[in-house]
Every structure is written in structure tokens, then in C-alpha cells.
Protein chains: 2
Amino acid sequence: MNKGVTRDRIVTAALDLLDEKGMDGVTVRALATRLDVRPSALYWHVRNKRELLDEMGTAVMRRVGSALSELPPGDDWRDDLAAFASVLRAEFLRHRDGARIFSGTRIADPEVVRVKEFWFVRWTACGVGLSDADDAVDLVTAFVVGFVIEEQEHRQSAETDPARYSLAERDAWLGGDAPLVKRAGHLHDHGDQRFERHLDIVLDGLAARLKV
Amino acid sequence: MNKGVTRDRIVTAALDLLDEKGMDGVTVRALATRLDVRPSALYWHVRNKRELLDEMGTAVMRRVGSALSELPPGDDWRDDLAAFASVLRAEFLRHRDGARIFSGTRIADPEVVRVKEFWFVRWTACGVGLSDADDAVDLVTAFVVGFVIEEQEHRQSAETDPARYSLAERDAWLGGDAPLVKRAGHLHDHGDQRFERHLDIVLDGLAARLKV
DNA sequence: ACCTGAACACCGTTCAAGT
DNA sequence: ACCTGAACACCGTTCAAGT
């Protein structure tokens with residue numbers, strides 16, 4: 001009944017492995033075991049490990065694309081970009097170290113490209129310049145990547161090493177020479193509301209350029 | 001004369017190895033060979049590979065901190081953040097895959113913390129709220145990380161696989177269904193001027209919140 | 001204090017051979 | 001067409017033993 005090791009099954013199993021064991025756990029041999037097959041068998045379906053990693057990234061980006069195309073179109077570029085940012089973050093958060101691992105992946109997946117074309121058509125119709133529109137998508141992407149890398153790093157090391165991000169430990173480590181940095185640490189929030197706030201700042205900056 | 005394998009020499013050699021061979025080339029064994037010593041010897045100086053990686057990241061962040069403290073202080077928060085962004089990008093660019101590898105690293109290095117305190121003192125004196133100031137530093141950091149990851153990914157695969165980012169190949173791949181995406185690709189620039197432009201957008205967004 | 005030697009339990013990848 | 005078996009050249013890490 002395991003007859004039928006397809007490229008798709010390999011990629012799915014690899015993503016499961018990533019979530020369970022982390023990046024170091026995604027080995028060709030562990031993958032083979034999980035698919036009930038010998039390691040060398042995988043090389044019939046996939047050229048090498050690098051190609052497997054690319055395929056995993058593509059799968060994630062495909063999800064981003066289809067999640068976006070199922071969403072009702074926003075009222076303007078700002079709505080569209082806000083939706084894009086949220087969906088991208090959500091898909092990164094689904095997988096351990098998702099932002100770091102999948103950020104390099106060619107975002108030029110067909111699904112995502114189709115959505116982008118759709119945006120460009122509507123935005124330029126509203127008077128937004130094409131290269132400004134292109135800048136906007138890339139800038140939001142960069143922001144989300146950077147934000148979620150930090151977010152996941154923080155979450156994950158909070159699990160494995162709770163002391164590392166405890167405020168008390170931090171205060172002690174900082175000593176007496178940095179009172180404002182210390183106070184800022186206590187004001188620091190996390191999660192969705194922080195993301196929305198920072199995203200709004202980026203979109204505010206874009207508004208200055210994109211407005212006709 | 002090789003008597004004296006210190007933690008510092010290990011980290012320096014590891015960074016050299018990273019630049020020459022890439023991330024996969026940074027192995028404990030290659031490092032030992034380069035230091036003219038047996039692999040197990042390194043474990044006297046360093047707990048494990050993870051600790052070595054952390055140490056590499058700390059070294060990079062220390063450079064960011066000292067580069068900043070040697071710079072003349074800017075006129076306002078915007079100058080300071082622009083300088084920070086440029087220095088951070090420059091240090092990431094010094095090392096292969098620098099942004100991806102070192103982005104997770106505790107930025108809470110003493111040197112960097114000292115610079116941050118200095119900023120906070122001056123900015124809050126100008127009426128900027130402390131938590132806004134903290135947001136600003138983190139937001140700029142996230143942007144730089146995201147921007148440079150994309151930038152390095154692009155540069156490096158342009159070296160190893162020139163076809164991958166050729167416009168002609170891209171146009172062919174896109175087909176006829178995405179004319180705007182295709183045109184946008186031709187308008188797309190790279191390097192310093194792109195960075196400065198995107199950074200300005202982020203700073204514009206921040207200006208709306210930070211101004212008294 | 002600092003390093004070697006030898007071992008252990010792993011890796012990714014290739015390729016002839018099987019079915 | 002799809003998979004196994006066996007091999008190759010690697011990994012990180014531990015630990016007794018040397019100096």
C-alpha cells in the first residue's frame with residue numbers, strides 16, 4: 001500500500017518531519033524511513049536534497065498564493081498588501097523556522113505570480129506606478145520575513161530555554177548602565193498586535209509614495 | 001607556533017571558512033584542519049557547534065556595535081536609524097548568507113546595547129516615546145534582515161546559476177498571462193540605491209509615529 | 001591545561017543489480 | 001518504471017589516554 005512514493009508525498013513527509021524534529025531532523029534517511037523505503041529510492045524522485053528543500057519552499061508559497069486567491073479582493077492596495085502580509089506570516093508560522101528556511105525560496109511560483117498580476121492591474125488603474133507597486137510588494141515581503149524570523153527565534157528559544165528571554169534574567173544581565181533599554185524591554189509586546197502595528201507603519205510609509 | 005588555539009582564533013577561522021566555502025563548509029573537522037589540530041581538540045574550547053555558531057553571530061554583531069560607536073552621532077533619530085541600517089547591511093554583506101545565518105543571533109551584545117541606550121536617551125529627550133523608539137529599532141532591523149536575505153540570495157544564485165535570474169529566461173517562464181509582472185521585472189533595480197529608497201519608505205512610516 | 005587517538009552513531013549520494 | 005544493497009566519503013561528539 002506504500003507503492004506510490006510520489007514527489008508530493010515526499011514533500012509532505014518532509015514538512016511533517018520539519019515540524020516534528022526541526023531542520024536538523026529533515027534528513028534523507030529519516031525521510032526514507034518515514035516513507036517505508038530505502039534512502040536511495042528517493043533519488044529516483046528527487047535530484048538531491050537541495051531540490052527537495054526548494055520543493056518544500058514552493059509548496060509553502062503555493063499555499064500563500066491559493067489562500068490569497070480565496071480571499072475577497074480588498075478595496076485598495078493597502079487592503080491587498082495587509083492581507084498578503086498576514087497570510088505570508090501565517091504560512092511561515094505553520095512551520096518550525098519557517099521564515100528563515102523558506103524566505104529564500106523563489107516567490108515566483110505560478111500561483112503567486114497570478115495574484116501579483118491581478119494586484120498590479122487594479123493598483124495601476126488607480127494611478128499607482130508599476131515600479132512603486134513592485135517596490136511595495138517586495139518591501140512588505142522583506143518586512144514580514146524579518147519580523148517572523150525574530151518572532152520564531154523568540155518563541156522557539158522560549159520553549160527550549162525559558163530563562164533566555166525572561167525579563168528578570170535580562171535585567172540582571174543588562175546591569176545598571178542601560179536603564180532605558182531595560183525599561184523598553186518591559187514595554188515590549190509580542191504576537192498579532194505587534195505585527196499589525198509594525199505593518200501599519202510600513203504601509204504608512206508606502207502610502208506617501210503610492211498616493212497619486 | 002600554532003600553540004594557542006583560542007576561542008577567538010576558532011571564530012575567526014570559522015568566519016573565513018564560511019566566506020570561502022559557504023555554510024555547508026563550516027564543519028568542525030574542516031575547522032580543525034585549518035587550525036592544524038585534531039577535531040576533538042576544539043571541544044576543549046567550545047561546548048558544541050551550536051555554541052560556535054552563536055559565537056560567530058556575536059562577533060558580527062560586535063562589529064556592528066563598534067562601527068556605530070565610531071560614527072559621529074546623527075542630528076536626530078532618523079539619521080541614527082539610517083546609519084544603523086547601513087552598517088547592519090554592510091556587516092551582513094561581508095559574509096556569505098550573512099543575513100540568513102546571523103539574523104537570529106541575540107542582538108543583545110554589550111556593544112550594541114550601549115549604542116541603543118545612547119539613542120534612547122537622545123530620542124526621548126526630543127519627545128519620542130520609549131516604546132516607539134524600541135519599535136523603531138526592531139522594525140528597521142526586521143526590514144534590513146528581510147532585504148539583505150533577498151539581496152544575498154539573488155547575488156549568490158546569480159554567480160552559481162546565471163540563467164536563474166536572467167530577464168529573458170524569466171520572461172519566457174512567465175508566459176503571456178502576466179504582462180505587468182513581466183514589465184515590473186524590467187523596472188526592478190538592485191543594490192545601494194534600492195536599499196536607500198526602501199529604507200526611506202520605512203523611515204517615512206516611522207516619522208508619522210515618532211514626531212511629537 | 002591542552003591535545004591526540006580511537007571509536008560511535010550518524011550523514012548525502014552513487015550505482016549496479018533486482019523486479 | 002521503480003526500488004534495493006552495498007559502498008564511499010563524509011559528519012558531530014565523547015572520552016580515555018597522553019604531555
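Computed from heavy atoms alone, side chains included, the values below leave out hydrogens, waters and symmetry copies. Protein chains get the first letters and strands the later ones, always in sequence-line order, with residue 1 at the start of each.
Base pairing analysis places D/dT13 opposite C/dA7; the two distances defining the Watson-Crick or G-U wobble pair are each below 3.5 Å. Nucleotide D/dT19 forms a Watson-Crick or G-U wobble pair with C/dA1, both donor-acceptor distances falling under 3.5 Å.
One can place CZ of A/R47 at 10 Å from P of C/dT14, the figure rounded to the nearest angstrom. One atom, CD1 of A/I10, and another, P of C/dG12, lie 13 Å apart when rounded to the nearest Å. Between the C1' atom of C/dT13 and the CG atom of A/L31 lies a distance of 15 Å, rounded to the nearest Å. One atom, CZ of B/R29, and another, C1' of C/dA9, lie 12 Å apart when rounded to the nearest Å. A/W44 places its CH2 atom 17 Å from the C1' atom of C/dA17, with the value rounded to the nearest Å. Whole-Å rounding puts the B/L42 CG to D/dT14 P distance at 13 Å. Here the P atom of nucleotide D/dT13 and the NZ atom of B/K49 are 8 Å apart, to the nearest Å. Atom CZ of A/R7 and atom P of D/dC3 are 14 Å apart (whole Å).
Both A/A41 and A/A30 lie near DNA chain C, and the one whose nearest nucleotide falls closer to the 5' end is A/A30. Sequence order on DNA chain D of the closest nucleotides to B/P39 and A/V37 puts A/V37 first from the 5' end. Annotation: of the two residues near DNA chain C, A/S40 and A/G25, the 5′-most nearest-nucleotide partner is A/G25.
The base of C/dG12 is not paired with the side chain of A/T27 by any donor and acceptor separated by under 3.5 Å.
Within a 6.0 Å radius of CZ in B/R183, other residues, nucleotides and ligands contribute 12 heavy atoms or fewer. Enclosure of atom CG in B/D177 is not indicated, since only 12 or fewer non-hydrogen atoms of other residues, nucleotides or ligands lie within 6.0 angstrom.
The pair B/R209-B/D135 fails the salt-bridge criterion, with no side-chain N (NZ, NE, NH1 or NH2) lying under 4.0 Å from an Asp/Glu carboxylate O. Taking a cutoff of 4.0 Å between a charged side-chain nitrogen and a carboxylate oxygen, B/R155 and B/E159 do not qualify as a salt bridge.
The phosphate of D/dA1 has neither OP1 nor OP2 within less than 4.0 Å of any side-chain N or O from A/H45.
The nucleotide whose nearest atom lies closest to any side-chain atom of B/V28 is, among D/dG12, C/dT4, C/dG12, D/dG12.
In this structure, A/R38 reaches the sugar-phosphate backbone alone: every heavy-atom distance under 4.0 Å involves primed, P, OP1 or OP2 atoms, never a base.
Geometrically, A/R114 does not engage A/F118 in a cation-pi contact, judged by NZ or CZ lying under 6.0 Å from the ring centre and within 45° of the ring axis.
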